Amino acid sequence: MTAQLSSSTANGPAPKPPGRSPRALWHLGVNAVVVAWLGLFAVVGSAHHFLPHAFWLLVHTLLLGAVTNAVVIWSGHFAASVLRLPEANRGAPAALRLVCLNAGAVAVIGGMYTGRWPVVLVGGCLVAAAVTAHAVWLVRLLRRALPGRFSMTVRYYVAAAALLPVGAALGVLMARGELGGDLPERLLLAHEVINLLGWVGLTVAGTLITLWPTMLRTRVADGAERAGRRALPVLLAGLGMAVAAALLGPPPLAAPGVVVHAAGLVVAGVPWAREARAKVPRSFAAWSVAAGSLWLAGALLFLAGILLSTTSWITVGERTSALTAPLAAGWIAQVLLGALSFLVPVVLGGGPTAVRAATAGLERAWPARLTVTNAALLLCVLPVPSVVRVVCSVLLLVMLLYFLVLLVLTVVRGVRDRRKGTAGPTPVSGPTPGAGPAPVETSASPHRVLGGVAIGLAVVMLAVAGGGAADVRSLPILERSAAAGADGGEVTPTGRTTTVEVTVRNMRFSPASVDVPAGDRLVIGLHNTGTDTHDLVLETGARTDRIAPGKRATLDAGVVGRDLDGWCSVVGHRQMGMVFGVRVTGDGVGGTASEEGNGKSGETAHDHGGTASGNEGGSAADAFDPMAEPADGFTARDARLPPATGGSGPRVHKRTLTVKEAEAEVAPGVRQTLWTFDGTAPGPVLRGRVGDTFEITLVNDGTIGHSVDFHAGALAPDEPMRTIQPGESLTYRFEATRSGVWMYHCSTVPMSLHIANGMFGAVVVDPPGLPDVDREYLLVQSEFYLGEQNGTADAGKVNAKEPDMVAFNGYASQYDHDPLTAKADERVRIWVLTAGPNVPSAFHVVGGQFDTVFREGAYDLRPGGAERGGAQVLDLAPASGGFVELTLPEAGDYPFVTHVMSDAERGAHGVLRVR
């Protein structure tokens with residue numbers, strides 16, 4: 001499977017004119033497809049915040065697009081090479097297979113992205129057909145060839161290609177949805193095992209039998225082919241055991257299959273280790289493949305641990321998401337880039353000098369690049385603060401882009417040199433597995449390697465430090481010295497230290513206060529046993545870092561000479577009762593805190609509960625004028641409700657909701673920093689029908705813990721509604737079994753504050769037989785408890801139920817300035833949801849009468865009754881909803897309000913303009 005350079009001997013044929021052989025041109029053309037998919041992966045990675053299904057899209061542009069194309073292209077080339085049939089892997093049939101494969105990949109990705117399952121089905125069939133045709137071609141190639149020492153490599157390729165259609169079928173089935181219980185998690189694990197360990201893993205294992213020693217510029221170790229022959233049945237048996245257990249048994253039964261598969265890799269890999277000992281890796285290609293193999297080993301070990309540690313497939317599905325980066329970026333991407341960096345110079349050809357130059361171009365600064373890639377990836381998978389994970393993700397993306405730039409420059413330079421005739425015409429020849437060192441070896445000196453590693457580590461550390469400077473609260477902090485935070489007053493230090501342990505339990509510090517002898521140094525050990533992030537702040541300024549659930553921190557309060565107050569500074573937690581006291585005992589007690597060291601000044605300096613200093617100043621409530629006009633060109637949030645999509649049968653709605661902290665105008669001249677789902681408050685509207693399934697992935701890109709609770713689903717809240725920390729994600733799946741307009745919201749405590757600060761939205765589930773109307777709108781009523789300008793909601797006002805403003809769809813009086821529209825005699829349906837968190841609604845259209853009222857899952861009023869009745873108000877408690885229908889007989893402006901009139905005067909009104 002290796003490709004070696006052959007140069008004309010003195011007695012050989014005369015040199016050909018400068019140019020490129022058809023075989024080289026073929027490889028350049030088809031590998032451009034791989035590079036294009038890698039470029040698309042980089043684009044998606046750069047824009048993932050703005051794309052739905054971004055995580056799925058990233059994985060499949062890399063694995064289904066770039067990697068699957070690379071597997072088909074290079075396994076075909078290597079198979080033809082080791083079987084001594086070098087011309088076999090070109091021509092119309094090979095091109096047709098690649099066209100079919102890429103058309104299928106585009107269809108799968110496009111179908112998932114647009115929610116059209118038939119397109120996904122067609123795409124999956126095309127991919128399966130292309131790879132099946134590839135497997136058939138490989139079998140025919142084996143039959144044509146003479147027996148060879150390394151034909152075992154081709155058998156690995158055949159086995160891998162036979163597995164992919166099965167994995168593709170499982171993927172198409174998952175995309176269809178309508179799967180109950182834990183079947184989605186079972187199918188997902190089987191799909192991943194078959195595609196990653198089978199299709200990709202077997203191909204890589206078979207390739208490394210000869211590619212690895214060629215990268216090292218050494219001979220194939222004795223027994224390598226025999227080890228590969230013994231390993232293949234073991235690898236396939238492990239895969240079969242794991243997949244069967246995933247589909248039929250509990251998680252622990254799948255662990256032995258993973259272990260058996262790993263054992264097969266060990267059997268195949270023993271000769272590779274001997275080859276590495278004989279010739280230490282000295283190139284980017286070899287080290288990249290080696291690093292990828294280490295990531296695979298770690299991932300398999302972690303996967304076996306997950307399967308053994310739980311009996312719930314849903315838990316397995318949640319935990320295995322952590323393996324995506326190690327497998328995709330750590331293993332597969334590094335093996336792919338390493339192989340390309342070795343093979344592309346060979347494909348370009350041009351003689352030993354040209355190959356050496358091309359290799360040097362692709363390996364530019366490789367020790368630093370490899371170090372950055374693996375150090376950043378390691379930090380991404382460890383439980384680090386979100387800012388560290390974001391910075392490291394950017395570094396990984398930069399490393400990929402840098403490789404793509406080097407690759408393009410190397411190819412362009414090689415083509416240019418060949419056209420100028422500056423290199424001899426050395427075409428790609430057949431392989432000579434096990435040949436000795438080639439004359440084109442390039443390597444870095446040990447000093448350069450160590451220097452590059454140091455530079456790479458420095459880059460990662462500087463990047464993390466720079467990210468920490470932008471969000472220092474997210475990084476660990478050193479313990480503060482007694483002198484830095486102490487307030488000893490007139491007391492004389494005793495030289496003693498009082499150490500106390502404080503535990504966070506259920507939004508309380510336990511104990512809530514501690515006694516300290518006057519003059520003692522106080523050291524507090526804080527253990528967070530709660531479910532959210534917390535910290536401890538003393539009025540002196542001494543504080544811990546914010547610590548995640550299960551973690552510990554130490555606060556050094558210094559020498560204590562007076563009573564001190566403390567609290568948790570996470571927004572709203574102090575108002576929820578997370579307060580702490582230090583009580584000084586003995587002689588020389590300094591008494592309670594002085595006015596300048598306690599009370600309001602301490603709260604302003606240290607409480608980040610929505611009114612923290614550092615904002616642009618001034619009360620947002622003082623800036624609110626109910627009669628103010630917005631700026632010219634103002635456009636209200638679109639209240640039109642799109643119809644439910646899909647046919648008459650149930651369908652699956654997949655959506656990613658990303659928690660974002662967004663500064664927004666909520667009334668003319670009034671700005672608040674909101675916590676949002678996808679950057680808007682209310683969050684995105686979801687709509688479906690009874691029987692539909694919703695699969696929602698929550699990604700927390702905020703700075704504190706958040707969660708989501710969908711009222712439209714009925715399921716135990718423990719896992720799907722749990723709080724996730726910044727940088728984490730979870731998937732929430734439920735079936736809409738009952739109709740209505742349902743609220744979803746963050747359920748992290750204090751829940752009232754999270755809702756008040758923007759974390760709510762609506763799910764509309766149509767009742768069966770819902771008739772069509774001419775216009776359909778959705779209004780979500782909520783109240784605002786305004787803090788500082790550009791700050792977050794005032795937790796004290798929320799607790800006191802004292803709203804400053806009430807609004808429809810997140811902006812006070814917006815539909816006064818940009819009205820809803822209808823025509824005379826059109827039938828209008830208006831859905832209303834009262835998000836609260838505290839204020840009810842009495843929805844009313846001035847000048848209109850409702851002939852239909854649907855509230856909380858049932859019709860209160862429908863046309864045609866003997867009473868000839870109507871309704872004037874849709875009255876809704878917080879978190880309830882429904883819809884009304886009416887026909888407006890003549891043109892004019894019809895105001896709509898909540899008939900809790902003081903709330904209407906605070907901004908909960910608008911206009912329905914009829915032409």
Side-chain angles (χ1 to χ4, degrees), residues 621 624 626 637 639 666-667 681-683 685 709-712 738-747 750-765 777-786 793-816 829-846 848-850 852-861 870-886 895-910 912:
F624 174 52
R637 175 173 171 140
V666 296
V685 179
D709 170 11
F710 284 94
H711 293 189
R738 294 178 173 85
S739 64
V741 52
W742 302 88
M743 183 178 177
Y744 69 86
H745 61 89
C746 179
S747 57
M751 196 183 306
S752 57
L753 183 61
H754 284 247
I755 296 172
N757 207 54
M759 301 202 73
F760 59 87
V763 179
V764 177
V765 180
Y777 295 107
L778 170 67
L779 300 173
V780 181
Q781 179 183 309
S782 64
E783 63 263 24
F784 287 83
Y785 302 83
L786 300 173
D794 187 311
K797 292 180 182 179
V798 176
N799 286 344
K801 301 180 183 178
E802 295 176 349
D804 299 296
M805 190 174 79
V806 184
F808 291 122
N809 289 347
Y811 192 101
S813 308
Q814 62 179 317
Y815 301 112
D816 285 354
R829 177 183 297 131
I830 303 174
W831 295 79
V832 183
L833 172 69
T834 305
N838 298 319
V839 172
S841 178
F843 183 73
H844 170 69
V845 176
V846 179
Q849 296 178 333
F850 307 143
T852 301
V853 176
F854 180 92
R855 177 174 51 183
E856 285 297 282
Y859 283 97
D860 291 347
L861 175 68
Q872 55 200 312
V873 161
L874 173 61
D875 52 318
L876 300 168
S880 61
F883 68 78
V884 293
E885 295 177 8
L886 72 165
F896 56 85
V897 298
T898 173
H899 227 283
V900 181
M901 295 310 300
S902 59
D903 291 338
E905 292 159 359
R906 292 188 178 107
H909 58 85
L912 178 57

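A quick note: this is a predicted structure, and the numbers were derived from the prediction, not measured.
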Using only atom types and a distance under 3.5 Å, with no angle test, would you say the side chain of [X] pairs donor to acceptor with the backbone of [Y]?
X	Y	value
Glu856	Gly881	yes
Asp709	Met743	no
Glu783	Val839	yes
Asp860	Phe854	no
Gln781	Thr898	no

If you take all heavy atoms of [X] and [Y], which pair is closest and at what distance?
X	Y	result
Val763	Ala712	CG1-CB, 4.0 Å
Met805	Arg906	CG-O, 3.2 Å
Ala762	Val741	CB-CG2, 4.2 Å
Lys801	Pro803	O-CD, 3.3 Å
Ala871	Leu861	N-CD2, 3.7 Å
Leu779	Ala639	CD2-CB, 4.3 Å

Atom [atom1] in [X], atom [atom2] in [Y]: separation rounded to 0.5 Å?
X	Y	atom1	atom2	value
Ser782	Asn838	OG	CG	11.5 Å
Asn799	Leu753	CG	CG	8.0 Å
Asp816	Tyr811	CG	OH	11.5 Å
Leu912	Tyr777	CG	OH	6.5 Å

Side-chain heavy-atom pair [X], [Y] within 4.5 angstrom cut-off:
X	Y	answer
Phe896	Val832	no
His909	Ser813	yes
His745	Met759	no
Phe883	Thr852	yes
Pro682	Arg637	yes
Phe760	Leu833	no
Leu874	Val853	yes

- Message: Test of understanding: with ring-ring contact (aromatic ring centres under 6.0 Å, His included), list the residues that count as partners of Phe710, not counting sequence neighbours.
- Response: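 In terms of ring-ring contact (aromatic ring centres under 6.0 Å, His included), with neighbours along the sequence ignored, Phe710 is linked to Tyr732, Phe734, Tyr744.
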- Message: Taking side chain to side chain contact (heavy atoms under 4.5 Å, CB included) as the definition, give me every residue that meets it alongside Asp804, ordered by chain and number, with sequence neighbours left out.
- Response: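 Scan of Asp804 (side chain to side chain contact (heavy atoms under 4.5 Å, CB included), adjacent residues dropped) gives Ala621, Leu786, Lys797.
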- In chain order, what residues pass the side chain to side chain contact (heavy atoms under 4.5 Å, CB included) check against Asp875, with sequence neighbours excluded?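 In terms of side chain to side chain contact (heavy atoms under 4.5 Å, CB included), with neighbours along the sequence ignored, Asp875 is linked to Arg855, Val873.
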- Item | Plane angle bin for His899 and His844 - parallel if under 30°, tilted between 30 and 60°, otherwise perpendicular | perpendicular
- Message: Can you classify the ring geometry of Phe850 versus Phe843 as parallel (below 30°), tilted (30 to 60°) or perpendicular (above 60°)?
- Response: parallel
- Query: Do Phe624 and Phe784 pass the ring-ring contact (aromatic ring centres under 6.0 Å, His included) test, and can you show the C-alpha distance, the side-chain angles, and the key distance before you say yes or no?
  - Reply: CA-CA 11 Å; Phe624 174 52; Phe784 287 83; 9.1 Å; no
